[in-house]
Amino acid sequence: MTAVDLARALIGAQLVVRGAGGIIIETEAYGRDDPASHSFRGPTARNAAMFGPAGHAYVYRSYGIHLCLNVVGRPGEAVLIRAIEPRIGLGIMQARRQGRMPLCAGPGRVAQALGISLTDNGAPFDGGQLSLVLPPAASPADIVTGTRIGISRNLHQPWRFGLAGAAGLSRPFPAAAPF
DNA sequence: ACAACGATAGCCT
DNA sequence: GGCTATCGTTGTC
């Protein structure tokens with residue numbers, strides 16, 4: 001399964017980290033030969049988890065401040081979790097966010113609300129501390145598509161995915177051009 | 001050894 | 001809507 005397929009499949013999935021989590025409503029796919037991807041220049045100490053087993057976490061620090069959580073797919077491919085709809089452990093998530101809103105819209109906010117740390121890098125989504133439950137088959141969810149956010153290379157790929165109509169997206173998806 | 005730049009969020013006007 | 005904190009990773013000298 002490609003990172004793009006995985007990114008679509010994860011919309012509607014339930015993500016829970018040590019008792020806090022919710023439904024994934026926004027993702028982005030990053031590929032192996034994708035200039036915007038951390039894996040583009042090959043394995044390094046930082047991105048090693050991206051080349052590790054599928055179904056494990058890739059956690060990295062962004063802008064020296066935030067952490068971002070990814071699900072690893074095929075080697076060198078990963079899906080960034082950009083937003084969830086909070087459902088489980090609301091109190092602990094609000095406490096971690098110190099009451100700031102939005103709670104889980106944006107990759108740094110998701111990681112903070114879930115209590116992700118760099119020690120989670122490379123950890124499996126195996127139903128233990130990290131769990132991921134895919135949505136029921138034939139999920140009726142409408143998925144909207146757009147271009148990725150905050151990158152400077154490979155800009156045009158429509159590899160950002162969201163749950164149509166969801167509140168709590170990190171940014172709106174532009175309406176399709178009415179050709 | 002050094003400089004540049006982020007897969008951002010928060011606070012300001 | 002714009003400005004800036006903040007620091008590890010990476011590419012270059």
Side-chain angles (χ1 to χ4, degrees), chain A residues 2-11 13 15 17 20 22 24-52 54 56-86 93-123 125 130 132 143-163 166-174:
Chain A
T2 67
V4 168
D5 292 334
L6 180 60
R8 297 187 73 104
L10 287 176
I11 297 295
L15 170 65
V17 177
I24 296 173
I25 58 174
E26 185 181 341
T27 61
E28 281 178 3
Y30 287 86
R32 173 65 182 85
D33 295 310
D34 170 8
S37 172
H38 291 170
S39 60
F40 181 61
R41 300 169 203 279
T44 65
R46 170 173 74 151
N47 67 19
M50 277 188 86
F51 292 90
H56 287 229
Y58 167 47
V59 179
Y60 68 92
R61 187 178 300 282
S62 175
Y63 287 85
I65 306 171
H66 314 284
L67 296 177
C68 293
L69 173 65
N70 296 253
V71 179
V72 175
R74 303 195 305 194
E77 302 192 347
V79 174
L80 173 67
I81 308 299
R82 291 195 55 91
I84 69 175
E85 178 191 304
M93 291 198 285
Q94 286 165 356
R96 287 176 178 141
R97 293 275 304 134
Q98 300 179 329
R100 285 189 295 270
M101 293 290 279
L103 189 56
C104 293
R109 294 180 179 125
V110 169
Q112 186 179 30
L114 294 183
I116 292 293
S117 75
L118 281 174
T119 62
D120 294 312
N121 187 37
F125 287 93
L130 311 187
L132 203 46
I143 295 179
V144 289
T145 301
T147 54
R148 296 177 292 180
I149 294 174
I151 58 174
S152 59
R153 287 174 291 191
N154 216 8
L155 301 178
H156 67 285
Q157 310 297 339
W159 290 345
R160 174 178 176 234
F161 303 96
L163 181 62
L169 296 172
S170 68
R171 292 177 57 173
F173 283 77

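Below, chain A is the first sequence line, B the second, and so on; all start at residue 1.
At the heavy-atom level, A/I151 lies under 4.0 Å from the strands shown only through sugar-phosphate atoms. Backbone-only contact: A/T44 has heavy atoms under 4.0 Å from sugar-phosphate atoms and none from a base. Looking at heavy-atom distances under 4.0 Å, A/R171 makes no contact with the nucleic acid at all. No engagement by A/R148 is indicated, since no non-hydrogen atom pair under 4.0 Å with the nucleic acid exists.
Each of A/M101 and A/G150 was matched to the nucleotide of DNA chain B holding its nearest heavy atom; the match closer to the 5' end belongs to A/G150.
Under the 6.0 Å distance and 45° angle rule, A/R74 does not count as a cation-pi partner of A/F51. No cation-pi contact links A/R32 to A/F40, judged by a cut-off of 6.0 Å to the six-membered ring centre and 45° from its axis.
Within residues 107-122 of chain A, the residues approaching DNA chain B are A/P107, A/G108, A/R109, by heavy-atom distance under 4.0 Å.
Remark: side-chain polar atoms of A/R97 are not paired, donor with acceptor, to backbone N or O of A/M93 under 3.5 angstrom. Panel note: side chain A/S37, backbone A/G31; a donor-acceptor pair is recorded below 3.5 Å. In this structure, A/N121 contributes its side chain and A/V59 its backbone to a donor-acceptor pair below 3.5 Å. Side chain of A/D34 to backbone of A/A36: a donor-acceptor contact under 3.5 angstrom is found.
Environment of CZ in A/R61: crowded, with over 12 heavy atoms of neighbouring residues, nucleotides or ligands closer than 6.0 Å.
Per the geometry, CG belonging to A/L67 stands 13 Å off P belonging to C/dC7, to the nearest Å. When the C1' atom of C/dT4 is taken as reference, atom NE2 of A/H66 falls 11 Å away, rounded to whole Å. To the nearest angstrom, P of C/dT10 lies 16 Å from OH of A/Y63.
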Writing each nucleotide of DNA chain C 5' to 3' as (, ), [, ], | or . by Watson-Crick or G-U pairing under 3.5 Å yields |||||.||||||.
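Taking 4.0 Å as the cut-off between side-chain N and carboxylate O, A/R82 and A/E28 count as a salt-bridged pair.
Not counting sequence neighbours, the partners of A/Y60 by the ring pair (Phe, Tyr, Trp, His ring centres under 6.0 Å) test are A/H38, A/Y58. With sequence neighbours excluded, no residue satisfies side-chain hydrogen bond (donor to acceptor under 3.5 Å, both in side chains) with A/R96. Checked against side chain to side chain contact (heavy atoms under 4.5 Å, CB included), A/A166 has the following partners two or more places apart in sequence or in another chain: A/I25, A/L163, A/L169.
For DNA chain B, the outermost nucleotides in 5' to 3' order that have an atom under 4.0 Å from a heavy atom of chain A are B/dG6 to B/dG10.
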